[in-house]
Amino acid sequence: MLVAILPQGVNAQDDAGMPDRLRLGIVVAAEEDARQRVEPFRFALEEIADLPVDLFLLDTLGDAVEAISSGRVDYVRLSPSAYAASYRLCACVEPLVTAGPDDFPARFYAILVGKRKEGDKITLDGLKGGRLAIGGKQTVTGYRVPLANLAADGVDVRKHFGALVEMQDPVEAVRAVMDDRVQAAFAWSSLAGEAKNGYTAGTLNDYYISGGRDFEDLEIVWRSPPIPYSAHTLHKDLPDALKRRLRAGLMDLRREAPDAYLAIEPDLLGGFEPVTHGDYRPVLRTYEDEFAAVLD
């Protein structure tokens, strides 16, 4: 039983306006046993919400965006970019919690890195006119987030740098910096833990683990605002009392029902943290008309 994770003080007034059921959407891709895998989370959600929970299996994140923005489901786990796309469609969604990979804050950053030479500090102005390694146009931290957020900081990447060089692998982009094939590269990092090891996760950590040379010469020149790893998203029309009930129960889920937590967040083991719409601002910018020109 998961009675321990039910919030205290639920009363008849809280139940006013509650839906009869909660519709949970899950992205499964081609996973054949997805319904069985997710069942512990669906059951825990029933206990938390004190409502029957119906499970809807969705093939792709695009399907999930359509389902939550059209109101076909009430709750779905999205990526940060998919949350921003959903909000762009209808402004009828809101995030509840995010999960993280460890016990550090559940946030990551898009970063711009360069190579320090002879101990001199690198600046964004000093990189002007140089070559910049970027990811493909649909990559979040390799293209969309840094271009939009640098533009918000007053830097048009296309005008600031002499050339943008597309690379498929962010670690290879860092190697290109170290080999002087480019002067800077977009990457991502948790920026948590020890800098000397490339932090806990991200491109710098991958480069460090791969045995990349002269790691100590890499320098972070710019970082985006922090970005949550995931977005457990609700339709805004749900009653506030239910939203509070769900958030409180989910915050305790890793401790009270670890099997249910792992069923929905198998790759982010650090537990849930509360989030608000504003926490996704770095990704929301990538869907705003103001930044469309630089992204195109």
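Since the model is a prediction, treat every value here as computed from it, not as a measurement.
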**Q** State the CG-CD1 distance between D252 and I48, to the nearest 0.5 angstrom.
**A** 8.5 Å
**Q** Flag yes if I111 and I134 sit in one hydrophobic cluster, no otherwise; membership is Ile, Leu, Val, Met, Phe, Trp, Tyr, and two members link when side-chain heavy atoms are under 4.5 Å apart.
**A** no
**Q** Could you pull out the closest heavy-atom pair between S79 and A231, with the gap in Å?
**A** O-CB, 4.4 Å
**Q** Between atom CG of L61 and atom CG of L78, what is the distance when rounded to the nearest 0.5 Å?
**A**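 Separation between the atoms: 6.5 Å.
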**Q** Could you tell me whether the side chain of S210 and the main chain of Y208 form a donor-acceptor pair under 3.5 Å?
**A**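 No, because the side chain of S210 does not come within donor-acceptor range (under 3.5 Å) of the backbone of Y208.
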**Q** Are side-chain heavy atoms of T286 and Y143 found at a separation under 4.5 Å?
**A** no
**Q** Could you go through D125 and K128, starting from their C-alpha distance and side-chain angles, then the distance that decides it, and tell me whether this counts as salt bridge (Lys or Arg N to Asp or Glu O under 4.0 Å)?
**A** CA-CA 5 Å; D125 284 343; K128 192 169 186 177; over 6 Å; no
**Q** Side-chain contact test, heavy atoms from C-beta onward, threshold under 4.5 Å: evaluate it for I264 versus L45 and give yes or no.
**A** no
**Q** Hey, does D74 have a side-chain heavy atom less than 4.5 Å from the side chain of L24?
**A**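 No - every pair of side-chain heavy atoms lies 4.5 Å or more apart.
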**Q** Do T203 and D206 meet the criterion of a side-chain donor-acceptor pair at a distance under 3.5 Å?
**A**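 Note: T203 and D206 side chains miss the donor-acceptor criterion.
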**Q** Indicate yes or no for a side-chain donor-acceptor contact from D59 to the backbone of V27 under 3.5 Å, with no hydrogens or angles considered.
**A**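 Between the backbone of V27 and the side chain of D59 there is no qualifying donor-acceptor contact (under 3.5 Å).
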**Q** Below 4.0 angstrom, N of the basic side chain to O of the carboxylate: do E66 and R72 qualify?
**A**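 Salt bridge flag = yes for R72 with E66.
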**Q** How many angstroms lie between CZ in F161 and CG in L124, if you round to the nearest 0.5 Å?
**A**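 The distance works out to 5.5 Å.
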**Q** Can you measure from OH (Y109) to CD1 (I227) and round to the nearest 0.5 angstrom?
**A**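 Y109 atom OH to I227 atom CD1 measures 9.5 Å (nearest 0.5 Å).
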**Q** Assess the side chains of S230 and E265: does a donor N or O sit below 3.5 Å from an acceptor N or O?
**A**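 Present: a donor and an acceptor within the cut-off.
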**Q** Hey, can you tell me if Y83 and Y280 have their rings parallel, tilted or perpendicular (30° and 60° cut-offs)?
**A**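 Aromatic pair Y83/Y280 classed tilted.
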**Q** Would the distance check show the side chain of R223 and the main-chain N or O of A110 forming a donor-acceptor pair, the cut-off being under 3.5 Å?
**A** no
**Q** Indicate whether any N or O donor in one side chain lies under 3.5 Å from an N or O acceptor in the other, for S190 and T200.
**A**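 Side chains of S190 and T200: pair found under 3.5 Å.
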**Q** My understanding is that only one of T141, V145, V140, L284 makes a side chain to side chain contact (heavy atoms under 4.5 Å, CB included) with S81; could you say which?
**A**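 Per the side chain to side chain contact (heavy atoms under 4.5 Å, CB included) rule, the option paired with S81 is V140, out of T141, V145, V140, L284.
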**Q** So V113 and V221, side-chain contact (heavy atoms from CB on, under 4.5 Å) or not? Walk me through it.
**A** CA-CA 5 Å; V113 298; V221 184; 5.9 Å; no
**Q** Do N149 and W222 pair up side chain to side chain, a donor and an acceptor below 3.5 Å, judged on atom types alone?
**A**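 Their side chains do not contain a donor-acceptor pair, so the 3.5 Å distance test is not met.
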**Q** Can you find a pair of side-chain heavy atoms, one from R254 and one from E256, that are under 4.5 Å apart?
**A**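 Not in contact.
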**Q** Is it the case that atom CD in E290 sees more than 12 heavy atoms from other parts of the structure closer than 6.0 Å?
**A**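 Count not over threshold, so no.
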**Q** So do L218 and E216 actually touch side chain to side chain, heavy atoms under 4.5 Å?
**A**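 Not touching, per the 4.5 Å side-chain cut-off.
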**Q** Could you tell me whether a side-chain N or O of R23 sits under 3.5 Å from a main-chain N or O of G71, the two making a donor and an acceptor?
**A**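 Yes; judged by distance alone, with no hydrogens or angles, the pair exists.
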**Q** Go through the structure and list residues passing salt bridge (Lys or Arg N to Asp or Glu O under 4.0 Å) with R144, not counting sequence neighbours.
**A**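 With sequence neighbours excluded, R144 shows a salt bridge (Lys or Arg N to Asp or Glu O under 4.0 Å) to no residue whatsoever.
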**Q** Do any N or O atoms from the side chain of R131 and from the backbone of D180 form a donor-acceptor pair under 3.5 angstrom?
**A**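 Pair absent, no side-chain N/O of R131 close to backbone of D180.
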**Q** Quick one: closest heavy-atom pair of D54 and R21, and the distance?
**A**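 Looking at all heavy atoms of both residues, the shortest contact is OD2-NE, 2.7 Å.
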**Q** Using side-chain contact (heavy atoms from CB on, under 4.5 Å), reason through F186 and L150 one step at a time and then give a plain yes or no.
**A** CA-CA 11 Å; F186 288 144; L150 277 164; 3.9 Å; yes
**Q** Going hydrophobic residue to hydrophobic residue with side-chain gaps under 4.5 angstrom, can you get from Y199 over to V174?
**A** yes
**Q** So, for A151 and F291, which heavy atoms are closest and what is the spacing to 0.1 Å?
**A**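 Where A151 meets F291 most closely, the heavy atoms are CB-CD2, 3.8 Å.
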**Q** Between P282 and P226, which heavy-atom pair has the shortest distance, and what is it?
**A**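 That would be CG-O, 3.7 Å.
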**Q** Starting at CG of D217, measure out to CE of M178 and round the result to the nearest 0.5 Å.
**A** 5.0 Å
**Q** Backbone N or O of A263 within a donor-acceptor pair of the R37 side chain at under 3.5 Å?
**A**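 Between the backbone of A263 and the side chain of R37 there is a qualifying donor-acceptor contact (under 3.5 Å).
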**Q** Give a yes or no on whether M18 and V73 share a hydrophobic cluster (residues Ile, Leu, Val, Met, Phe, Trp, Tyr; joining criterion: side-chain heavy atoms under 4.5 Å apart).
**A**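 Cluster IDs for M18 and V73 differ.
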**Q** Write down the atom of L295, the atom of A148, and the distance for their closest heavy-atom approach.
**A**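 That closest heavy-atom pairing would be CD2-N, 4.3 Å.
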**Q** Is it true that a side-chain atom of R245 and a backbone atom of A49 form a donor plus acceptor pair closer than 3.5 Å?
**A** yes
**Q** Start with the C-alpha distance between D279 and H277, add both sets of side-chain angles, then the distance that settles side-chain contact (heavy atoms from CB on, under 4.5 Å), and finish with yes or no.
**A** CA-CA 5 Å; D279 291 321; H277 177 73; over 6 Å; no
**Q** Report yes or no: do I68 and L89 belong to one cluster of Ile/Leu/Val/Met/Phe/Trp/Tyr joined by side chain heavy-atom distances under 4.5 Å?
**A** no
**Q** Quick one: does L127's side chain get under 4.5 Å of L112's, heavy atoms only?
**A**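 Sidechains of L112 and L127: in contact.
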**Q** Quick one: do E39 and Q36 satisfy side-chain contact (heavy atoms from CB on, under 4.5 Å)? Show the steps, please.
**A** CA-CA 5 Å; E39 179 60 18; Q36 180 180 354; 5.7 Å; no
**Q** When you measure from the side chain of R88 to the backbone N and O of Y287, does any donor-acceptor pair fall under 3.5 Å?
**A** yes
**Q** Quick one: do L132 and L204 end up in the same hydrophobic cluster if we chain Ile, Leu, Val, Met, Phe, Trp and Tyr together by side-chain heavy atoms under 4.5 Å apart?
**A**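 The answer is no; the residues belong to distinct hydrophobic clusters.
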**Q** Please determine if R281 and E288 form a salt bridge, counting it only when a charged side-chain N lies under 4.0 Å from a carboxylate O.
**A**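 So R281 pairs with E288 through a salt bridge.
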**Q** Side-chain contact test, heavy atoms from C-beta onward, threshold under 4.5 Å: evaluate it for R107 versus V275 and give yes or no.
**A** yes
**Q** What are the two closest heavy atoms between P19 and L238, and how far apart are they?
**A** CG-CD2, 4.3 Å
**Q** Could you tell me whether D156 and R158 have a side-chain N and a carboxylate O separated by less than 4.0 Å?
**A** no
**Q** Less than 6.0 angstrom separating the ring centers of Y261 and F272, yes or no?
**A**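 That pair passes the under 6.0 Å test.
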**Q** Any sub-3.5 Å donor-acceptor pair from K115's side-chain atoms to D214's backbone N or O?
**A** no
**Q** Let me confirm one number: the CZ-CZ distance from R35 to F56, rounded to the nearest 0.5 Å.
**A**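 Here the rounded value is 9.5 Å.
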**Q** Going by heavy atoms in the side chains, are V177 and D179 under 4.5 Å from each other?
**A** no
**Q** Kindly assign one of parallel, tilted or perpendicular to the pair Y229 and F108, based on the angle between their ring planes and the thresholds 30° and 60°.
**A**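 Answer is tilted, since the angle falls between 30° and 60°.
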**Q** Quick check against the 3.5 Å criterion: does R42 have a side-chain atom that pairs as donor or acceptor with the backbone of V53?
**A**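 Checked: pair present.
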**Q** Any salt bridge linking K243 with E94? Criterion: basic side-chain nitrogen under 4.0 Å from a carboxylate oxygen.
**A**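 Answer for the salt bridge query: yes.
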